Protein chains: 2
Amino acid sequence: MSLTLDAPAAITLADQALQAIQARIVSGELAPGTKLSEGELASEHGISRGPLREAIRRLEARRLVEVVPNAGATVVCLTHEQLLAVYETREALEGMACRLAAQRIEASEVAALHALLDQHEQALGGAAEARYLQEEGDFDFHYRIARASRNEILASMLCDDLYHLVRMYRRRTPGDHGRGRQALAEHRHIVDALGAGDAELAELLMRRHVAAARYLLNDN
Amino acid sequence: MSLTLDAPAAITLADQALQAIQARIVSGELAPGTKLSEGELASEHGISRGPLREAIRRLEARRLVEVVPNAGATVVCLTHEQLLAVYETREALEGMACRLAAQRIEASEVAALHALLDQHEQALGGAAEARYLQEEGDFDFHYRIARASRNEILASMLCDDLYHLVRMYRRRTPGDHGRGRQALAEHRHIVDALGAGDAELAELLMRRHVAAARYLLNDN
DNA sequence: GAACTCTAAATTGTAGACAATATTTTGACG
DNA sequence: CGTCAAAATATTGTCTACAATTTAGAGTTC
């Protein structure tokens with residue numbers, strides 16, 4: 001189960017560097033605020049500065065790094081307000097994605113979503129390590145709905161830009177103790193709305209779902 | 001009156017090339033589907049291939065060009081479905097921007113928006129050439145609301161990505177004969193909702209406004 | 001005459017060297 | 001001792017050259 005929405009088989013060195021560095025940022029190995037030296041990173045990845053610069057600029061476009069001309073790049077360091085802004089944007093985009101998905105999703109995809117939620121339900125009672133898989137499963141859920149919108153631009157903005165930021169900061173927020181069950185119930189209602197083709201309801205439920213996650217950001 | 005949301009004073013050659021090529025694409029000089037040869041463009045702009053490649057990749061991130069590894073870049077050529085997708089995404093983002101703006105906009109900004117609309121009203125009866133200014137004025141209106149959302153990510157997605165695509169394809173769609181007055185009326189209602197701090201209504205009106213523009217895409 | 005193959009030209013990907021700018025260190029002065 | 005200034009260092013921006021891949025075309029074969 002690939003979580004990264006059909007990652008294009010990295011052909012060029014810049015592509016490989018992009019994916020490698022992005023993974024290091026999202027995993028936390030390269031913490032927010034870390035300076036990214038071109039020479040250092042290039043030798044670490046065994047490539048020249050040319051392709052590495054290209055990777056850095058693409059990470060900048062994805063909002064994972066910030067580049068100051070003549071001064072270099074640093075891993076993005078979001079303020080609380082900026083993280084709220086990410087969730088506000090998510091709410092708008094995921095809401096629309098869910099609305100469109102309700103109109104365009106296939107029955108087989110709805111069935112697959114229900115199966116995914118069954119899986120989550122079983123993992124919910126499980127051990128502590130199941131928590132990690134559950135978190136990733138949550139992203140899988142949202143990825144699938146983004147794709148089901150049949151809107152490539154919308155899906156790309158969510159999957160290529162915002163989700164990486166959310167993952168990056170999720171491990172830093174305490175939150176969701178006992179929210180697993182609640183989130184699962186919300187997911188189930190969303191899939192029901194998708195299956196019924198109720199676009200209005202699907203959008204409403206998704207927006208509430210994302211908003212609920214946003215409210216948790218304030219309790220820390 | 002700068003329409004490009006605080007364009008950072010182009011310091012680096014790559015920045016200058018980005019803005020120059022972007023202008024050529026949006027204006028139609030570089031038509032959709034045009035092959036962008038690195039060597040050719042580099043000599044045209046009097047720079048080396050290095051900075052030019054960087055400009056190309058940033059245009060790719062803004063969805064104005066498409067790059068195929070080892071094959072080169074072409075100016076993006078949207079299908080009708082993809083253009084609809086742009087408007088669907090706009091509806092989601094501008095709706096949320098308008099909702100947030102209603103909560104955060106300052107009285108002086110509301111007054112400035114009314115003044116802008118007064119200007120449009122006068123230009124409406126005017127000559128044919130006023131049409132052009134009116135079109136640009138429409139973008140100015142939307143830019144200001146995006147900024148008033150106080151959400152940098154949301155504003156950047158609209159101003160840096162989507163609006164360029166919309167401008168690029170607006171000149172190709174026949175549409176809005178006599179829609180000027182209607183659009184102006186919608187704008188006025190939106191500003192009224194902003195001034196009243198009615199977030200729900202502001203979002204609803206903006207979404208309808210964008211949706212109305214989208215429907216026009218089908219009549220050609 | 002159409003289709004395939006192989007060669008040659010052109011274009012993109014990458015590496016390394018140099019120039020320009022920022023940062024750090026060192027020293028002097030108040 | 002702290003602060004400012006200037007040189008030394010390090011880092012980024014840019015250019016040129018080379019390698020790898022794709023594309024165009026000539027030639028051949030069926």
Side-chain angles (χ1 to χ4, degrees), chain A residues 6-25 29-77 160, chain B residues 6-25 29-77 160:
Chain A
D6 65 354
I11 299 298
T12 181
L13 290 184
D15 278 330
Q16 298 175 338
L18 167 67
Q19 297 196 11
I21 299 174
Q22 176 173 285
R24 293 177 68 184
I25 292 176
E29 180 192 339
L30 293 171
T34 304
K35 173 78 190 296
L36 297 180
S37 163
E38 293 184 0
E40 196 176 330
L41 274 180
S43 61
E44 278 180 29
H45 289 261
I47 61 177
S48 171
R49 272 182 56 214
L52 185 121
R53 270 176 75 90
E54 186 176 323
I56 296 278
R57 299 310 157 113
R58 283 162 72 172
L59 288 170
E60 183 190 18
R62 296 186 175 191
R63 299 168 206 285
L64 288 177
V65 311
E66 287 174 351
V67 176
V68 178
N70 291 314
T74 58
V75 178
V76 72
C77 196
D160 295 334
Chain B
D6 65 354
I11 299 298
T12 181
L13 291 183
D15 278 329
Q16 297 175 333
L18 166 67
Q19 298 194 11
I21 299 173
Q22 176 174 285
R24 293 177 69 183
I25 292 176
E29 179 192 340
L30 293 172
T34 304
K35 174 76 190 296
L36 298 180
S37 163
E38 292 184 1
E40 196 175 329
L41 275 181
S43 61
E44 279 180 29
H45 289 261
I47 61 177
S48 170
R49 275 182 55 215
L52 185 121
R53 270 176 75 90
E54 186 176 323
I56 296 277
R57 298 311 156 114
R58 284 162 71 171
L59 288 169
E60 182 191 18
R62 296 185 175 192
R63 299 169 206 284
L64 288 176
V65 311
E66 288 174 351
V67 176
V68 178
N70 290 313
T74 59
V75 178
V76 73
C77 195
D160 296 333

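Because the structure is predicted, anything quoted here is derived from the model rather than measured. Naming convention: chains lettered A, B, ... in sequence-line order (proteins, then strands); numbering from 1 in each chain.
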J.: How many Å lie between CG on A:Asp15 and C1' on C:dT12, as a whole number?
T.: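 A:Asp15 atom CG is separated from C:dT12 atom C1' by 13 Å.
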J.: Any side-chain heavy atom of B:Thr12 within less than 4.5 Å of one from B:Gln16?
T.: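 With C-beta onward as the side chain, the pair stays apart.
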J.: Ignoring hydrogens and angles, write down the donor-acceptor pairs under 3.5 Å from the side chains of residues 51-59 of chain B, residues two or more places apart or on other chains.
T.:
residue, atom, partner, partner atom, Å
B:Arg53, NH1, B:Glu38, OE2, 3.0
B:Arg53, NH2, A:Glu54, OE1, 3.3
B:Glu54, OE1, A:Arg53, NH2, 3.3
B:Glu54, OE2, A:Arg57, NH1, 2.5
B:Glu54, OE2, B:Arg58, NH1, 3.4
B:Arg57, NH1, A:Glu54, OE2, 2.6
B:Arg58, NH1, B:Asp15, OD1, 3.1
B:Arg58, NH2, B:Asp15, OD1, 2.8

J.: Just wondering, do A:Glu44 and A:Arg24 contact through their side chains at under 4.5 Å, heavy atoms?
T.: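 Yes, their side chains come closer than 4.5 Å.
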J.: Could you list the donor-acceptor pairs under 3.5 angstrom formed by side chains in residues 64-76 of chain A, with sequence neighbours left out?
T.:
none

J.: If you define the side chain from C-beta out and look only at heavy atoms, does anything of B:His45 sit under 4.5 Å from B:Leu13?
T.: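 They are not in contact (no side-chain heavy atoms under 4.5 Å apart), so the answer is no.
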J.: Polar-atom pairs under 3.5 Å, protein N or O versus N or O of nucleotides 8-14 of chain D: list them with distances, or write none.
T.:
residue, atom, partner, partner atom, Å
D:dT12, OP2, A:Glu38, N, 3.2
D:dG13, OP1, A:Asn70, N, 3.1
D:dG13, OP2, A:Arg53, NH1, 2.4
D:dG13, OP2, A:Arg53, NH2, 3.2
D:dG13, OP2, A:Arg57, NH2, 3.0
D:dG13, O3', B:Thr12, OG1, 3.3
D:dG13, N7, A:Arg49, NH2, 2.8
D:dG13, O6, A:Arg49, NH1, 3.2
D:dT14, OP1, B:Thr12, OG1, 2.9
D:dT14, OP1, B:Leu13, N, 2.5
D:dT14, OP2, B:Thr12, OG1, 2.7

